[in-house]
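One structure is given below, encoded as structure tokens.
Lettering of chains follows the sequences in order, A, B, ..., and the numbering in each one begins at 1.
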There are 4 protein chains.
Amino acid sequence: MAPRSQNPEEVKERILRSASDEFARIGFDGARVDRIAKRARVSKNMLYYYYKSKQQLFIAALEKTYEVLREDQKDFSSPELEPLQALDQLIHQTFISLERNPNAIRLLNEENRHEGKFLKRSSRVKNLYNPLLQSMQNILYQGCKSGVFRSNLDPVIVYLTFSSLCYHYLSNQFTLQIALNRSLESPTARQDWVKHIREVIHMYCLAEHRRPDSSI
Amino acid sequence: MAPRSQNPEEVKERILRSASDEFARIGFDGARVDRIAKRARVSKNMLYYYYKSKQQLFIAALEKTYEVLREDQKDFSSPELEPLQALDQLIHQTFISLERNPNAIRLLNEENRHEGKFLKRSSRVKNLYNPLLQSMQNILYQGCKSGVFRSNLDPVIVYLTFSSLCYHYLSNQFTLQIALNRSLESPTARQDWVKHIREVIHMYCLAEHRRPDSSI
Amino acid sequence: MAPRSQNPEEVKERILRSASDEFARIGFDGARVDRIAKRARVSKNMLYYYYKSKQQLFIAALEKTYEVLREDQKDFSSPELEPLQALDQLIHQTFISLERNPNAIRLLNEENRHEGKFLKRSSRVKNLYNPLLQSMQNILYQGCKSGVFRSNLDPVIVYLTFSSLCYHYLSNQFTLQIALNRSLESPTARQDWVKHIREVIHMYCLAEHRRPDSSI
Amino acid sequence: MAPRSQNPEEVKERILRSASDEFARIGFDGARVDRIAKRARVSKNMLYYYYKSKQQLFIAALEKTYEVLREDQKDFSSPELEPLQALDQLIHQTFISLERNPNAIRLLNEENRHEGKFLKRSSRVKNLYNPLLQSMQNILYQGCKSGVFRSNLDPVIVYLTFSSLCYHYLSNQFTLQIALNRSLESPTARQDWVKHIREVIHMYCLAEHRRPDSSI
DNA sequence: GATGAATGAGATTTCATTCAT
DNA sequence: CATGAATGAAATCTCATTCAT
């Protein structure tokens, strides 16, 4: 009656995607295993066959999310790019990646509400950002050497600065729109915001004599 | 057995506080009406007497949260302060307020996950930020007139910039700590971050000749 | 639709009786909470309202069983009875009590399979047999003083002896019948067995010169 | 992945042992086919290949148990032994056998809870005790002829008497210990009990003039 | 105002068993 | 012989909400 003997990898993947959607939309507690199974066109039992529990499923979804995010941010150490361009592109890519992948924000928020308890059990995620920070370090170092950036920039701080600006805009767009009474959803509004982030980062990172003119 | 006949206002307040804690800690779906009632030392029936449903209770908690937040940000239009000092203080106060009130972040995130559906029904919250934006407008205008700030600054953008930096750091501290492998919880780490936010905002807002020396 | 607001004590009692039946018939693991609730004409939720879990329900059933058993064995210290008659009556009553209360045997066996883990959590059952052993002590002491019984009889050993003979006959009647190829269910078979137990106990307890003639 | 191609008899034996353990420990309903298979290091499908269902597996385990028990009680009709010694040894062996084989007690109890329904379907077990009863008959007859035992002893009754005393002590040790507040597990406690059983049986079976002195 | 008792729907998880290979 | 994947039914327990008093 139901499909038998499918490709197990594909089944696991379908379950995971369905779980990501559900967890992102309604959070861990609100999420329903029934719905996850149904949308994955799998019986509940199969779900439990592959993932041992709702928790484990959540962890798997979270790990997948991180991996996708990191994948999106990968191509920045390309040495042909000028440091400033590399930074600009990283900012742009970070924003695009979060924008394209709204589940990611929701899952990360969810995980933060649970104070990191799921992630703590996952060894796959720890230090996942090391390569990114490493390549940011490179960018900043190159930029400093060539006199474009000021010295002593901490890559963690720089990353935290622009990623906060990307993330929060998207993450809290609904309450922000209502409270600030301004639309944040239109493509132009978003492009403007990315441009703004770049400007902020430029002002912060560039050496004094290279800073943009403020009278734009 | 005998009716307690307590002050109804106090009872409502107790319920609301308990609800805020529960909703913040476990989200709307995970929250349990039983637990809220028990922690408020109230019978479930009383809870339903004062608030009609779990949803209404959530809305009430959300509204309360916004009011507290706004209350915290109130005293900045004081005309005695220099514009730059006023801005600095607003940043500081925003961070402190979110830090002291972790429920607020969780509730706002929760509301964003629900795509603002609760807030849309609440008339009390809309335009709640108008006074704040108005006083920011004043600060920026004064600063511009006196040549401290550059011209054409958009108060919404400036507010969004520093509040993103305050909010995201606190909201996502758990995943950030794990992914970036750096502690964000210590008082000094937090003070440093506030200082950093101020620096970023200064660079962005100050007129060119007033900008801080980047070689700090 | 369903009966509202019944006498809660009666409801609890109904649940307990139904649970005893179910646990006795099918054991802890085989027992179904659904069936227990249905037979008690109660919704499952009410069952969980009064007893927190299946385990607690089992413990409650076990405690009730012990209390009923002990109640049945109560009236033996009556000082008017001759020691020998008192002993005879205790044997008889023990057998009757177990025979009338087949759930008791099943529940006790169940508890033994679980190696006493439920009972260990119950404070109500421990030393429940103290009064019985005390009154047996009295009987044996009186009998010894009057020269009917031999001296140095251990009440625990005597009790264990005749209760083993009562219990095992009833507990294992099904396998015994098949293996020994003899009916054990008829009233006369049972009366004969009780008579046999009495004879065995007499031979063991009576002083030498009082022992029954073996050539019956 | 590659077929193990093990000795089928050995595989069946492993399954049976694992099943005995599981059924004894947790009863028929609580037992899990998964666990039985895993502990036997066999895939579930193999288990179903050799035994058609959980029920059949239980019956097989039960039959095996009876055979082992009977095997243990076999060597008593040896005509060299004096009748009294033969009886003593049979008692001793019965106790030892049950003590060494705790699964047996649990399985028999389980079967009794099911009111013998599994056993009724098994032809192998019926009259399994005939040889034992036959040899008891011989012992009692020899003993009577030589004046050691009194006449008219029913072997079924005698067997039932001492086997009740052996079985119940072991079967219900956990509840008995708690209710009677006396340890029954130590080797000396058990030796004492076997000695007690012998004394009881002696008093019951021996001809009047041969009975032991009660003033021990 | 206040409470204990009650409800119906539904949540996660488990299990004996079978199919396809 | 042997296995991983699949299934359907059912089990225990939970929860927001309401009724009767």
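- Between the side chain of A:Asp34 and the base of E:dG10 there is no donor-acceptor pair of N/O atoms closer than 3.5 Å.
- Distance from the side chain of C:Lys54 is smallest for F:dC13 among the nucleotides F:dC13, F:dT14, E:dA6.
- Across all strands shown, A:Ala31 has heavy atoms under 4.0 Å from sugar-phosphate atoms exclusively, and none from any base.
- A residue-by-residue look at C:Phe28 and A:Val42 shows that A:Val42 has its nearest nucleotide of DNA chain F further toward the 5' end.
- The phosphate of F:dA16 (OP1 or OP2) has a side-chain N or O of B:Arg32 nearer than 4.0 angstrom.
- If you run salt bridge (charged side-chain N to carboxylate O under 4.0 Å, His left out) between A:Glu22 and each of A:Arg39, A:Lys54, A:Arg32, only A:Arg39 comes through.
- If you measure from atom NZ of C:Lys38 to atom P of F:dA11, you get 10 Å, rounded to the nearest angstrom.
- Atom CG of A:Asn7 and atom P of E:dT21 are 13 Å apart (whole Å).
- In a base pair of the Watson-Crick type (N1 to N3 plus N6-O4 or O6-N4) or a G-U wobble (N1-O2 and O6-N3), with each distance short of 3.5 Å, E:dG10 is matched with F:dC13.
- Rounding to whole angstrom units, CD of residue B:Glu10 and C1' of E:dG1 are separated by 15 Å.
- Under a 3.5 Å cut-off, the side chain of C:Thr65 and the backbone N or O of C:Ala104 do not form any donor-acceptor pair.
- Considering only the side chain of C:Val11, E:dA6 comes nearest among F:dT7, E:dA6, F:dA2.
- For B:Tyr48, the listed nucleotide lying nearest its side chain is F:dT17; candidates were E:dG1, F:dT17, E:dT17.
- Taking atom CD1 on B:Ile36 and atom P on F:dT14, their separation rounds to 18 Å, with Å as the unit.
- The phosphate of F:dA6 has neither OP1 nor OP2 within less than 4.0 Å of any side-chain N or O from A:Ser43.
- Going from atom CD1 of B:Ile26 over to atom C1' of E:dA11 covers 16 Å, rounded to whole Å.
- In this structure, A:Val42 and A:Val11 approach most closely via the heavy-atom pair CG2-CG1, 3.9 Å.
- Each of A:Lys52 and D:Ser53 lies near DNA chain E, and the nucleotide nearest A:Lys52 is the one positioned closer to the 5' end.
- Pairing for E:dC15 is with F:dG8, a Watson-Crick or G-U wobble pair whose two hydrogen-bonding atom distances lie under 3.5 Å.
- Taking 4.5 Å as the limit, every side-chain heavy atom of C:Arg106 sits out of range of all side-chain heavy atoms of C:Phe23.
- B:Leu107 approaches B:Ala61 most closely through the heavy-atom pair CD1-O, 4.1 Å.
- Summarising the geometry, the separation between OH on A:Tyr50 and P on E:dT13 is reported as 19 Å, rounded to the nearest angstrom.
- Which of F:dA6, F:dA16, F:dA2 sits closest to the side chain of B:Val33 comes down to F:dA16.
- Closest to the C:Tyr49 side chain, of the nucleotides F:dA2, F:dA5, E:dA5, is E:dA5.
- For the pair D:Asp29 and A:Asp29, both in contact range of DNA chain E, the more 5′-proximal nearest nucleotide belongs to A:Asp29.
- In this entry the distance linking CG of C:Leu47 with P of F:dC13 reads 10 Å, nearest Å.
- Rounded to an integer number of Å, the gap from C:Asn45 CG to F:dC19 P is 16 Å.
- At a cut-off of 3.5 angstrom, the base of F:dT17 holds at least one donor-acceptor pair with the side chain of B:Lys44.
- Of the charged side-chain nitrogens involved, none lies within less than 4.0 Å of a carboxylate oxygen, so that C:Glu67 and C:Lys64 do not count as a salt-bridged pair.
- In this structure, E:dA20 forms a base pair with F:dT3, meeting either the Watson-Crick or the G-U wobble geometry with both donor-acceptor distances under 3.5 Å.
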